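Single-structure report; data block below.
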Amino acid sequence: MLGYYPVRVLPSKTAILPVNPNFLPRSEDEREMCSRTVYCTNIDKKVSQAEVKKFFESACGEVTRLRLLGDHVHSTRIAFVEFAMAESAIIALNCSGMVLGTQPIRVSPSKTPVRPRVTRPSNI
């Protein structure tokens, strides 16, 4: 019982895995980047990177970096969205439940910064 209400506790259907320490912020700059970044899940596979950017820019403010990830195993995709201002990331947290494509998205604070892609030298 919690107050006057019975509470039922069930095992989670998903594993909660800790974040790989290699992805955590390594500097004060990266910690600041995290404050401007959100983690978005349940993104419709048919939605493009440009559509995700347009959705968040129209609702929250300027997006400076976006990483849209997915594979052939999962039915939806995820994105890390970095904004120009931390206030925009706070506004984005209120977008949870909004429909993007055909799916209601979930938005959470990001624990990791969106690092620029490292271009690997080609073996010529």
Side-chain angles (χ1 to χ4, degrees):
M1 295 292 282
L2 184 61
Y4 299 106
Y5 302 97
V7 176
R8 207 164 98 192
V9 179
L10 300 170
S12 173
K13 292 183 176 105
T14 58
I16 299 172
L17 299 173
V19 175
N20 181 331
N22 294 334
F23 298 134
L24 293 173
R26 298 181 198 139
S27 66
E28 196 52 47
D29 281 351
E30 287 192 345
R31 273 187 278 286
E32 193 271 331
M33 285 167 70
C34 283
S35 72
R36 296 184 283 113
T37 304
V38 295
Y39 172 67
C40 182
T41 61
N42 206 42
I43 299 172
D44 187 328
K45 278 211 170 188
K46 295 181 184 79
V47 173
S48 70
Q49 183 155 328
E51 289 170 310
V52 174
K53 184 174 183 180
K54 184 179 175 193
F55 172 87
F56 280 106
E57 285 195 330
S58 64
C60 312
E62 183 188 350
V63 171
T64 53
R65 202 176 279 138
L66 180 112
R67 184 80 39 86
L68 182 60
L69 306 167
D71 57 29
H72 299 294
V73 177
H74 298 90
S75 59
T76 59
R77 298 166 84 183
I78 65 165
F80 290 91
V81 184
E82 181 186 308
F83 293 94
M85 295 171 35
E87 292 78 13
S88 297
I90 292 165
I91 294 166
L93 297 175
N94 293 321
C95 291
S96 271
M98 291 179 132
V99 175
L100 176 55
T102 61
Q103 303 275 102
I105 59 170
R106 288 189 297 275
V107 185
S108 311
S110 179
K111 297 181 181 110
T112 61
V114 183
R115 294 193 178 101
R117 288 187 190 272
V118 176
T119 53
R120 294 184 178 90
S122 57
N123 296 336
I124 299 173

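Nothing here was measured: the structure is a model prediction, and the numbers come from that model.
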Roughly how far, to the nearest 0.5 Å, is [atom2] of [Y] from [atom1] of [X]?
X     : Y     : atom1 : atom2 : value
Ser27 : Glu32 : OG    : CD    : 10.0 Å
Ile78 : Leu68 : CD1   : CG    : 8.5 Å
Ser35 : Met85 : OG    : CE    : 11.0 Å
Thr41 : Arg77 : OG1   : CZ    : 13.5 Å

Heavy-atom side-chain contact between Thr64 and Arg36 under 4.5 Å
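Thr64 reaches Arg36 side chain to side chain.
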Between Val38 and Leu93, is a side chain to side chain contact (heavy atoms under 4.5 Å, CB included) present by the stated rule, with each step listed?
CA-CA 7 Å; Val38 295; Leu93 297 175; 4.0 Å; yes
Restricting to non-hydrogen atoms, name the atom on [X] and the atom on [Y] that form the minimum distance, rounded to 0.1 Å.
X      : Y      : answer
Cys95  : Cys60  : SG-SG, 3.8 Å
Cys34  : Pro113 : SG-N, 3.4 Å
Gln103 : Thr76  : NE2-CG2, 3.4 Å
Met33  : Thr37  : O-OG1, 2.7 Å
Gln49  : Leu66  : CG-CD2, 2.9 Å
Lys45  : Ser75  : CG-O, 3.4 Å

Flag yes if more than 12 heavy atoms outside Leu2 fall under 6.0 Å of its CG atom; otherwise flag no.
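At most 12 heavy atoms, drawn from other residues, nucleotides or ligands, come within 6.0 Å of this atom.
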Could you note down all residue pairs passing ring pair (Phe, Tyr, Trp, His ring centres under 6.0 Å) where residues 53-100 supplies at least one of them, sequence neighbours left out?
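Passing the test, one end in residues 53-100: Tyr39-Phe80.
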Please say yes or no: joined through hydrophobic side-chain contacts below 4.5 Å, possibly via intermediate residues, are Met98 and Ile90 part of one cluster?
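No.
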For residues 88-99, pull every pair meeting salt bridge (charged side-chain N to carboxylate O under 4.0 Å, His left out), keeping only residues two or more places apart or in separate chains.
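Pairs touching residues 88-99 that pass the test: none.
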Let me see the working for Val52 and Val47 under side chain to side chain contact (heavy atoms under 4.5 Å, CB included), right down to the final yes or no.
CA-CA 7 Å; Val52 174; Val47 173; 3.6 Å; yes
May I have all residue pairs that pass side chain to side chain donor-acceptor pair (under 3.5 Å) and include part of residues 54-63, sequence neighbours excluded?
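Listed once each, the pairs would be none.
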Is a side-chain N or O of Asn42 found less than 3.5 angstrom from the main chain of Arg106, in a donor-acceptor match?
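Answer holds: no.
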